[in-house]
2 protein chains.
Amino acid sequence: MGDMTESLPHPTRSDIRIEAVLHALADPIRLRLVRELARRGCEGAPCGSIELPITKSTRTHHLRILREAGVIHMRPEGTARISTLRRDDLDVLYPGLLDSILAAAR
Amino acid sequence: MGDMTESLPHPTRSDIRIEAVLHALADPIRLRLVRELARRGCEGAPCGSIELPITKSTRTHHLRILREAGVIHMRPEGTARISTLRRDDLDVLYPGLLDSILAAAR
DNA sequence: GTCGTAGTACGATGTTCGTCGTACCACTGG
DNA sequence: CCAGTGGTACGACGAACATCGTACTACGAC
């Protein structure tokens, strides 16, 4: 466990399901994460650099939900993980979805 | 209870929250309902006319979630309820959201 | 090597959720 | 009036979920 060398599992584009994406985005905390990642653009952000009123393990949990739904991509970089929005995949699968949600999310 | 004369509570457009909408749409059964209502267009449909592998009370439950989230509108008509998608409101609040989800929902 | 940092894994806990059955209400047709 | 139909309300129950604390791993700096 805790294997940080191997890449974390991500669904391929065709494995992404709309229900999972919507469920992942339906949580306030996760929506904040996504909003913040969208703001940072394609360089992404170390998970921990996004301030949230939750503990470390809860943050890991939410990032996992987002990753397994296909909303974000995570790659290890040194001791940190760089998270990025999977904008390209989501825009192809559900054009307009992300834009409308991000525009609405205050 | 069970007052069928008074109109059921619906959120106003400004009361609709994106998290509630996403949560409402994240369920497979509710997605089927929404898909079907979209197919029927503005005339809407009696709730019971949509075939689903669930019981009456579960259907009422799901319709309530959708109504309280602001996704559908229900009006009594005789002994039945006519449900319609709140396309206008949703398209104003989150332009592209519904279209992308409906296009994706097989 | 040792310590600190970033993150994951696992187990526990309280809450929400989806489902159902039953009881009930309102309307319609005999 | 009475029976049937379409729908809601309420209570119960198991599953899923969000949260946390603790223990652990991997990497970098000293």
Side-chain angles (χ1 to χ4, degrees), chain A residues 1-10 17 19-34 36-37 40 44-69 71-84, chain B residues 1-10 17 19-34 36-37 40 44-69 71-84:
Chain A
M1 327 67 171
D3 188 344
M4 296 189 43
T5 60
E6 106 176 352
S7 181
L8 297 152
H10 294 80
R17 290 178 315 117
E19 294 94 339
V21 172
L22 294 174
H23 172 250
L25 296 174
D27 183 273
I29 297 280
R30 293 195 288 265
L31 202 48
R32 272 176 71 172
L33 276 167
V34 167
E36 190 61 24
L37 290 178
R40 312 241 179 152
C47 324
S49 77
I50 301 175
E51 204 171 339
L52 286 173
I54 53 174
T55 64
K56 261 200 311 182
S57 36
T58 305
R59 175 179 342 220
T60 299
H61 166 71
H62 285 306
L63 288 168
R64 177 138 88 121
I65 302 281
L66 289 169
R67 174 172 50 82
E68 290 180 346
V71 176
I72 67 173
H73 180 265
M74 294 172 74
R75 69 171 191 276
E77 190 163 308
T79 163
R81 312 284 185 135
I82 308 296
S83 298
T84 53
Chain B
M1 326 69 168
D3 188 343
M4 296 190 45
T5 60
E6 106 176 353
S7 183
L8 298 152
H10 294 80
R17 291 176 315 117
E19 294 95 339
V21 172
L22 294 174
H23 172 249
L25 296 174
D27 182 273
I29 297 281
R30 294 194 288 263
L31 203 47
R32 273 175 70 173
L33 275 166
V34 167
E36 191 60 24
L37 289 178
R40 312 241 178 151
C47 325
S49 77
I50 301 176
E51 203 171 340
L52 286 173
I54 52 173
T55 64
K56 261 201 312 180
S57 36
T58 304
R59 171 175 310 149
T60 299
H61 167 72
H62 285 306
L63 288 168
R64 178 138 87 121
I65 302 281
L66 288 168
R67 174 173 50 80
E68 291 180 345
V71 176
I72 67 172
H73 181 265
M74 295 172 74
R75 68 170 190 278
E77 190 163 310
T79 163
R81 312 286 184 132
I82 307 295
S83 298
T84 53

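None of the values given here were measured: they were computed from a predicted structure. Proteins get letters first, then strands, A, B, ... in listed order; numbering begins at 1 in each.
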Seminar exercise, completed: Between CZ of A:Arg59 and P of D:dC20 the distance, given in whole Å, is 11 Å
Problem set entry | Separation of atom CD in A:Glu19 from atom C1' in C:dG18, rounded to whole Å | 15 Å
For this session: Take atom CD1 of A:Ile82 and atom P of C:dG7, then tell me their distance rounded to the nearest Å.
Result: 8 Å
Exercise. Atom NZ of B:Lys56 and atom P of D:dA9: how far apart are they, to the nearest Å?
Worked result: 13 Å
Exercise. Is any side-chain heavy atom of B:Glu51 closer than 4.5 Å to a side-chain heavy atom of B:Arg32?
Worked result: no
Exercise. Would you find a donor on one side and an acceptor on the other, under 3.5 Å apart, between the side chain of B:Arg30 and the backbone of B:His23?
Worked result: yes
Seminar exercise, completed: Whole-Å distance, B:Leu52 CG to C:dT19 C1', equals 13 Å
For this session: Spell out, as yes or no, whether a donor-acceptor pair under 3.5 Å connects the side chain of A:Arg67 to the backbone of A:Pro9.
Result: yes
For this session: Output all residues satisfying salt bridge (Lys or Arg N to Asp or Glu O under 4.0 Å) with B:Glu77, sequence neighbours left out; order by chain, then residue number.
Result: B:Arg75
Exercise. Rounded to whole angstrom units, what separation is found between the CZ atom of B:Arg64 and the C1' atom of C:dC20?
Worked result: 16 Å
For this session: Specify the separation, in whole Å, of atom CZ of B:Arg81 and atom C1' of D:dA9.
Result: 12 Å
Polar atom pairs (N or O), protein with nucleotides 14-19 of chain D, under 3.5 Å:
from   : atom 1 : to      : atom 2 : distance (Å)
D:dA18 : OP1    : A:Arg30 : NH1    : 3.2
D:dA18 : OP1    : A:Arg30 : NH2    : 2.9
D:dA18 : OP2    : A:His61 : NE2    : 3.1
D:dT19 : OP2    : A:His62 : NE2    : 2.2

For this session: Considering just the side-chain nitrogens and oxygens of B:Thr60, establish if one lies under 4.0 Å of OP1 or OP2 belonging to D:dT8.
Result: yes
Exercise. Would you say B:Arg81's side chain and B:Met74's backbone share a donor-acceptor pair under 3.5 angstrom?
Worked result: no
Problem set entry | Backbone of A:Ile50 reached by a side-chain donor or acceptor of A:Arg59 within 3.5 Å | yes
Seminar exercise, completed: Between CG of A:Leu8 and C1' of C:dA9 the distance, given in whole Å, is 12 Å
